[in-house]
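What follows is a set of notes on a single structure, which appears directly below.
Scope of the values below: all heavy atoms of this structure, side chains included, with no hydrogens, waters or symmetry mates.
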Amino acid sequence: MAGGFFQSRWVERPPHVTERDPHGLPRGFRAAGVAAGIKPSGDPDVGLLVCDEPGCTSDARFTASAAPAAPVTLTRERCALERIRTIAVNAGNANAATGRRGVEHAAKMQGAAAMASGVREDQVAVCSTGVIGVPLPVDDVGRGILACAHALSADGGGAFARAIRTTDALDKQACVEVTLPSGTVTVAAQCKGAGMISPRFATLLCFVQTDAAMSAQTCALLLGTCVKRSFQRISVDGQLSTNDTVVLQASGATGVAVEPETEDELRLGEAIDAVMRELALRCVRDGEGARRVGRVVVRGGDPDDVGRVARAVADSPLVKTALYGGDPNWGRIIQAVGQALGAPGGVGGRAGLGGPGGSGGAGGPVPVDIAIEGVTVCSASAGVDHDAAALAAAVARDEVEYEITLPGDGAEAECYFSDLGHEYVTINAEYTT
């Protein structure tokens, strides 16, 4: 993508953030990526990221799936998540739904990476991405990790980023300089994700590094907040992955200390947030054949309802296909709103199926307002006159915004989502063949 890292109108580059070579890494980190023969294409498929600072702090977030992949299970259970120094990744094979053997393979991968990087096994996070249900070629992965160990370099972020991709078409990496009151630090990130993406998280791997010095508790605070505002707000196909992993590491190599509840923490958090939100949007934009990206913003008085509606619209195949075709069919949107609010726990579903008011259980329609690209198309759940030609031109752009207003105020939720078209079907129909 030309024109620098920050490209979406929905993500503003903080004034204290300056873009650097996206392949770069913060001080204290080295990385590499190699081809180990896991991908039939022969592309790079094993990556290694190492922090050379013994005092490195970290935190991690994982998929919410009840069927987590073996590397997720192993990293959660056997890794000191606040002291991760090495990350070993393979692409082309998810090592998911592989049983006890899969966990054993993940453990071998962890052990190989520990030896290759000279750290304890519990300081190594392992990640895999690719086809589900196929045994991991662990010997190939081990050879790849050894090759990576010999190729580690301070400018190896690009090679590492290439090695973690599957169906990704867009580059998803960044390196920025952040000016803090206490000094200047660097933040870098490498990400993959294009399909099997849901607002509950995303089918992604994302690794974020900084050379600031901060506690594991501060890492947890910043990562947790930024994940909620980025990867938990995107959808390509509404499918929750088995392998999602996001890790934040702080080497402390600059000596610039970021203390809790300070301007340093606020500014660093803003930088990480902006980087992760732009990366999340690139996952959506890269949504396996996607043409356009949509943003739905829902406002109302009930936090549960606005969140439920935002996800329903973002995941709706009818809304997504309309977005693909540049069709301002707001009927698809109100249908998704009604479905979300009619579900158990929603405004329309609280009386239950067959309750007062008939099968819907709520009596009458919930008053809903809808605007597309600032043009009001629906008021109190009824269509209103608008400039159809101008609206059609607006929804033909690369980014389209939908605003939905429910009764009440004080709550807001947003989701970013891709359209759904022919190429998505082709890619996923032929994924293993």
Side-chain angles (χ1 to χ4, degrees), residues 5-6 10-20 25-29 51-62 64 76 79-85 87 123 125 174-191 201-202 206-234 244-281 297 299 303 306-307 409-414:
F5 175 68
F6 294 102
W10 296 314
V11 179
E12 183 176 352
R13 178 181 61 82
H16 55 283
V17 170
T18 304
E19 294 186 32
R20 296 298 184 222
L25 293 169
R27 279 175 278 185
F29 291 93
C51 180
D52 293 319
E53 298 292 330
C56 176
T57 57
S58 62
D59 192 55
R61 294 291 187 276
F62 304 95
R76 276 175 170 162
C79 196
L81 299 182
E82 72 283 359
R83 292 288 179 184
I84 296 171
R85 289 184 56 191
I87 298 171
Q123 293 179 310
C175 184
V176 300
E177 186 176 272
V178 187
T179 303
L180 307 178
S182 296
T184 300
V185 300
T186 299
V187 171
Q190 307 81 33
C191 177
F201 206 83
C206 183
F207 310 107
V208 184
Q209 310 88 40
T210 180
D211 46 23
M214 54 186 174
S215 68
Q217 291 77 13
T218 299
C219 284
L221 173 66
L222 295 182
L223 184 62
T225 299
C226 294
V227 164
K228 288 178 181 178
R229 287 174 44 82
S230 57
F231 299 127
Q232 287 186 356
R233 293 188 175 184
I234 60 175
D244 309 335
T245 303
V246 182
V247 181
L248 169 64
Q249 296 170 281
S251 71
T254 60
V256 177
V258 175
E259 301 294 342
E261 300 182 0
T262 62
E263 188 69 16
D264 290 321
E265 182 186 63
L266 175 63
R267 289 194 183 184
L268 181 59
E270 289 174 343
I272 295 172
D273 179 68
V275 167
M276 289 177 63
R277 281 169 68 85
E278 181 69 34
L279 288 172
L281 275 163
V297 182
R299 300 180 181 91
V306 299
D409 55 58
E412 181 175 311
E414 68 175 346

I'd like to know if the side chain of [X] reaches the main chain of [Y], judged simply by a donor and an acceptor atom lying under 3.5 Å from each other, with no hydrogens or angles considered.
X	Y	answer
Ser251	Arg27	yes
Glu265	Glu261	yes
Thr225	Leu222	no
Glu19	Phe5	yes

With rounding to the nearest 0.5 Å, note down the distance linking [atom1] in [X] to [atom2] in [Y].
X	Y	atom1	atom2	answer
Cys226	Leu279	SG	CG	11.5 Å
Thr210	Phe29	OG1	CZ	7.5 Å
Ser230	Leu281	OG	CG	9.5 Å
Cys219	Leu81	SG	CG	11.5 Å

Nearest non-hydrogen partners of [X] and [Y], listed with the distance:
X	Y	value
Val11	Phe6	CG1-CD2, 3.9 Å
Val227	Arg61	CG2-CG, 4.3 Å
Arg20	Thr18	NH1-CG2, 3.4 Å
Ala188	Leu25	CB-CA, 4.3 Å
Gln123	Arg83	CG-O, 3.3 Å
Gln232	Lys228	OE1-CG, 3.5 Å

Does a side-chain heavy-atom distance below 4.5 Å link [X] with [Y]?
X	Y	result
Glu263	Leu180	no
Leu223	Met276	yes
Val187	Leu268	yes
Thr184	Val178	no
Val258	Arg267	no
His16	Glu270	yes
Gln249	Val208	no
Met214	Leu248	yes

Is there a side chain to side chain contact (heavy atoms under 4.5 Å, CB included) between Cys56 and Ile84? Walk through the geometry before answering.
CA-CA 7 Å; Cys56 176; Ile84 296 171; over 6 Å; no
Could you walk me through whether Trp10 and Val297 pass the side chain to side chain contact (heavy atoms under 4.5 Å, CB included) test, one step at a time?
CA-CA 12 Å; Trp10 296 314; Val297 182; over 6 Å; no
Apply side chain to side chain donor-acceptor pair (under 3.5 Å) to Ser58 and list each qualifying residue two or more places apart in sequence or on a separate chain.
none
Please list, chain by chain and in numerical order, all residues satisfying side chain to side chain contact (heavy atoms under 4.5 Å, CB included) with Thr186, sequence neighbours excluded.
Pro26, Cys175, Asp211
Only counting residues at least two apart or in another chain, list the ones meeting salt bridge (Lys or Arg N to Asp or Glu O under 4.0 Å) with Arg277.
Glu414
Has Glu12 got more than 12 heavy atoms of other residues, nucleotides or ligands less than 6.0 Å from its CD?
no
Take Gln217 and Glu82 through the test side-chain hydrogen bond (donor to acceptor under 3.5 Å, both in side chains) and record every step on the way to the result.
CA-CA 8 Å; Gln217 291 77 13; Glu82 72 283 359; over 6 Å; no
Please determine whether side chain to side chain contact (heavy atoms under 4.5 Å, CB included) holds for the pair Asp409 and Arg299, giving the CA-CA distance in whole Å, both sets of side-chain angles, and the decisive distance to 0.1 Å.
CA-CA 7 Å; Asp409 55 58; Arg299 300 180 181 91; over 6 Å; no
Side chain to side chain contact (heavy atoms under 4.5 Å, CB included) for Phe231 and Val246? Distances and angles first, verdict last.
CA-CA 9 Å; Phe231 299 127; Val246 182; 4.0 Å; yes
